[in-house]
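Below is one structure, written out as C-alpha cells; the observations come after it.
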Amino acid sequence: MVLSNREIADIFDVVGDILQIKGEIIHRILAYRNAADSIRELPRDLRAYAADGELDSIPGVGKIIAEKIQEMLDTGKLDFYEKLATEVPPGVVDILHINGVGPKKAKMFWQDAGLVTVEMLETAAREGKIRDMAGMGTKSEAKILEGIESYKRRKSDTRTPLGVALPAAEHILNHLLELPEALFGSVAGSIRRARPTIGDVDLLVASSTPIPIMERFTTMSEVARVLGHGDKKSSVELLNGLQVDLRVIPPERWGTALNYFTGSQAHNIRMRTLALEGGLSLNEHAFTRTDDNTEILCATEEQVYAQLSLQYIPPEIREDWGEVETAAQSKLPKLIELSDIHSDLHMHTLWSDGTATIRDMAQAARARGRDFIVITDHSRGATIANGLSIERLLAQREEIRTADAEMQPFRVFHGTEMEIKADGELDFPDEILVELDFVVASLHVSLRQPREQITARLLNAIRNPHVDLIGHPRGQLIPDREPADLDMDAVFDAARQSGIALEINSSPSRLDLEAQYARRAIELGIPICIDTDAHAIEELDQMRYGVLTARRGWAQAANIINTWSLAQFEAWVRPRGGHA
DNA sequence: GCCGTTTTCGGCCCGACTGTTTTCAGTCG
C-alpha cells in the first residue's frame, strides 16, 4: 500500500502539531506545514517526482523532508513521526485544534493537569477545574467550552464547498452594503481565490465609520454567536456553522487591505519579500519606506501591484504557484472569463435524471448567452440515473433534431454521457457512438478500484476514437468523496496522444478537474471543456464555478473548447471518429 | 526545516483581539 499525496501531507501536518506542542521553534513547524500544503496541491503523485529524482524541486521540500517522503513511499511509514507520536498523546494534538487553545495551553493542560483528551478537558472545564490555572479565568473557561462545541461540530462537518460559501458571503456583504456608511465591499480570502472548499468567510467593507457596520454584522439574524467584536474586525459563527470575519477598511487603504486579506498567505509573503527588496515594507495598511518610515497608501489593488512593478495578478492565481515571478516578466496569460463561454457540452434532461425537457434546457441555455449545447443524458448502464437504452437514445435523437431545427441559429446537438463500466468496457458499441454528435465518457461506478485497474479503464475510454471528452475525470465529490486513485501522468499522456478533451465540471460538488490538474493539462496542450453537467435549468448558472476553476488553472480562452465558435467546434469534433 | 540574481547563514509577516495582566501573553489569520 503506497501512501497518497494527501496521506503524506496529513502526516507532516501532525508532525507540525506535535513539534508545536513540544515548543519547537515556529519556523521549523511552519516548514512542515508549508511542505504539507504544497504536497496537497501537486498535480502529480509524489512517487512520480521520486522516480524522476525531483522531490526536492517541490516548493517547501528540501533535503530532509524529501528523505522523509522517500521513506514513506518506500516503507509506508515514517520513523521520525512514530517516535514523536510516543512523546505527545494523540488527544493533546486534538486539543490543539480547539479554537482558543494554542500550543501553550494544550501543553499546560496535559502536563499540569493530565488532560489528554478533548473529553477530559471538557469535563475538567465543566467542573471549574481549569479556571484557576495560570493565565486562565472564567471567561477563558467559557471560551474553551464554546471552542469544544465548535470542534465537535467541525469534526462531523467538513470544509464548506465554494458553491455554498460564495453565495452566503455575497448575501451577507450585500446586507452590509445597504448601510449608508458602507461605501463598497468585497468578498476576500479563499472564496475570492475560488478554492473548491473554504474554511471561513472573509469580508471587507470600505468605510470611515465602522461602528454601525460592525453593529449590523454582529446582530444579523443568521448569527449564532459573536466570536469577536472590535472596531476594525469582528467575527461571528452563523447558525449553519460557517465562521465569517468582517474587517472595515478606510477607503484610502482599500488596495493593500484587499490584497492582504485575499491572500494566499504564501502569495503575501512573496509580495512582502519583493517589497523589502525595493526598500518597502508591506502590510494590510500600506507600503512603508524602510528608510524614512513614510507611508504609501494604495486605494486599489492595481496600485499595489504597480508599486512593485508587477502586472495585476487576478485573485484566482494568487497561490504562489509562480504568478509573482511571471507577473514581474509581464507574462501572465489573459485568463478566461465567463463572457468567453459560447457553449455547454454536458447536460441532462427528463430523458434520464434531469428535471427539464430538451427544449427547456436549450431555451434556458440560449437565455444565458450560449450559442449551442449538447444534450448528454446518461447511458443504459447508469440504471439508477434512468440511463437510455439504445432504442431510447435513437428515439431521443428525433426530439433533439426537432428542437435544433426550431431554434436555429442556436444549435442543439445529440450526445451521451456514457458509462465506463466496472470491467472497463464502454456502455455503447462503436456503431452507436458514431451516430452521435458528441460523446462524453465518465467514471461513475467502482471508483475505489486499485490504481492500475481504474487507470486502465479510463485509458480505454480515452483511446476510443469516438470519445470526445472525459467527464469529471477524477471522480471526486466535494467535500466528502476522495478522487479515484488515478495515474494522472498516464491519463494526460493518453489524452494528448488521442487528442480528446478533459472536462472541468462546474458543479460545486465536483470542480473536477481541479485547478492544478487543469493547469498541467493545458501546459501539455490538452483541450479543456468547462461544462455545467446541469440536471436542472438553474444549474446552468453554475458555469461560473467552472470558469473560476479554469482561471485558477491559468486557462486562457483559447485553451477552452466551449469558448470556440460553432465552426471551430465542428472543425475539431468532426474528424474525431467521424461524427455526423 | 527551507531558502538564495545583495545570501550557504540568518532570516522566516505582523497586527487585532481577548483575557488576564498591572504592562503582556496567547491565539488567530
Side-chain angles (χ1 to χ4, degrees), chain A residues 12 15-16 19-21 23-38 55-69 80 95-109 130-144 146-147 150 188-190 198-204 210 214 218 226-236 243-249 253 256-257 259-288 290 320 325 328-329:
Chain A
F12 283 139
V15 165
L19 291 176
Q20 197 173 17
I21 292 162
E24 184 59 70
I25 59 158
I26 188 65
H27 302 298
R28 189 173 175 219
I29 293 157
L30 288 174
Y32 281 102
R33 298 215 172 120
N34 284 339
D37 289 344
S38 184
L55 280 178
D56 60 9
S57 74
I58 297 166
V61 175
K63 184 164 175 290
I64 290 168
I65 291 184
E67 284 170 2
K68 289 179 163 63
I69 293 170
F80 175 66
I95 287 173
L96 182 63
H97 292 141
I98 295 169
N99 254 334
V101 181
K104 300 279 164 54
K105 284 183 181 167
K107 187 175 185 182
M108 178 178 74
F109 293 143
I130 63 170
R131 66 174 65 161
D132 295 327
M133 299 180 73
M136 298 289 299
T138 52
K139 280 193 178 173
S140 36
E141 172 189 282
K143 194 174 174 184
I144 282 174
E146 284 217 333
S150 158
S190 51
I198 64 108
D200 53 30
V201 177
D202 291 294
L203 300 178
L204 299 190
M214 292 301 186
T218 52
V226 178
L227 305 171
H229 188 169
D231 277 2
K232 298 186 167 113
K233 178 194 171 186
S234 296
S235 299
V236 300
Q243 183 178 329
V244 187
D245 294 346
L246 170 67
R247 288 178 178 79
V248 176
I249 309 295
R253 297 178 188 269
T256 42
N259 181 245
Y260 180 85
F261 291 112
T262 297
S264 65
Q265 197 177 30
H267 176 85
N268 288 354
I269 289 170
R270 185 75 60 188
M271 294 279 285
R272 283 166 178 236
T273 307
L274 195 61
L276 284 172
E277 288 168 8
L280 297 168
S281 88
L282 169 62
N283 63 22
E284 62 265 48
H285 305 297
F287 287 97
T288 306
T290 45
D320 192 23
E325 294 82 347
Q329 300 166 9

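Letters A, B, ... are given to chains in the order of the sequence lines, protein chains preceding strands, and every chain is numbered from 1.
- Here CG of A/L282 is found 5.5 Å from CZ of A/R272. Values are rounded to the nearest 0.5 Å.
- B/dG11 and B/dT6 have their C1' atoms separated by 14 Å, with the value rounded to a whole Å.
- Comparing the same atom, C1', in B/dT22 and in B/dG15 gives a spacing of 23 Å after rounding to whole Å.
- Counting any heavy atom pair closer than 4.0 Å across all strands shown, A/D231 reaches sugar-phosphate atoms only and no base atom.
- Across the P atoms, B/dT21 and B/dC14 are found 30 Å apart, a figure rounded to whole Å.
- Side-chain atoms of A/Q265 and A/R270 include no donor-acceptor pair closer than 3.5 Å.
- Within the nucleic acid shown, A/Y260 comes within 4.0 Å of at least one base atom, counting heavy atoms only.
- Base pairing analysis places B/dG4 opposite B/dC9; the two distances defining the Watson-Crick or G-U wobble pair are each below 3.5 Å.
- Extent of DNA chain B lying under 4.0 Å from chain A heavy atoms, first and last nucleotide in 5' to 3' order, is B/dG1 to B/dG29.
- Using a 30° and 60° split on the angle between ring planes, A/Y32 and A/F12 fall in the tilted class, from 30° to 60°.
- Backbone-only engagement by A/T138 is indicated by non-hydrogen atom pairs under 4.0 Å involving sugar-phosphate atoms exclusively.
- Residues A/T256 and A/H285 form no side-chain contact, since every pair of their non-hydrogen atoms from C-beta on lies 4.5 Å or further apart.
- Between A/P210 and A/V248, the closest heavy-atom pair is CB-CG1, 3.6 Å.
- With a glycosidic angle further than 90° from 0, B/dT20 counts as anti.
- Using a 4.0 Å heavy-atom cutoff across all strands shown, A/N34 reaches no nucleic acid atom at all.
- Mapping A/G100 and A/K232 onto DNA chain B by nearest heavy atom places A/K232 at the nucleotide closer to the 5' end.
- Put simply, the side chain of A/E146 does not reach to within 4.5 Å of the side chain of A/N99, judged on heavy atoms.
- Residue A/I25 is in base contact, counting any heavy-atom pair closer than 4.0 Å across all strands shown.
- The residue A/I98 sits close only to the backbone: its heavy atoms come under 4.0 Å of sugar-phosphate atoms, none of a base.
- Using a 4.5 Å heavy-atom threshold, the side chains of A/Y260 and A/R247 count as separate.
- The nearest heavy atom of DNA chain B to A/M214 and to A/I65 marks one nucleotide each, and the one closer to the 5' end goes with A/I65.
- B/dT8 and B/dC13 have their C1' atoms separated by 24 Å, with the value rounded to a whole Å.
- Taking the P atoms as reference points, B/dC12 lies 25 Å from B/dC17, given to the whole Å.
- Backbone-only contact: A/E284 has heavy atoms under 4.0 Å from sugar-phosphate atoms and none from a base.
- Rounded to whole Å, the C1' atom of B/dG10 lies 29 Å from the corresponding atom of B/dA16.
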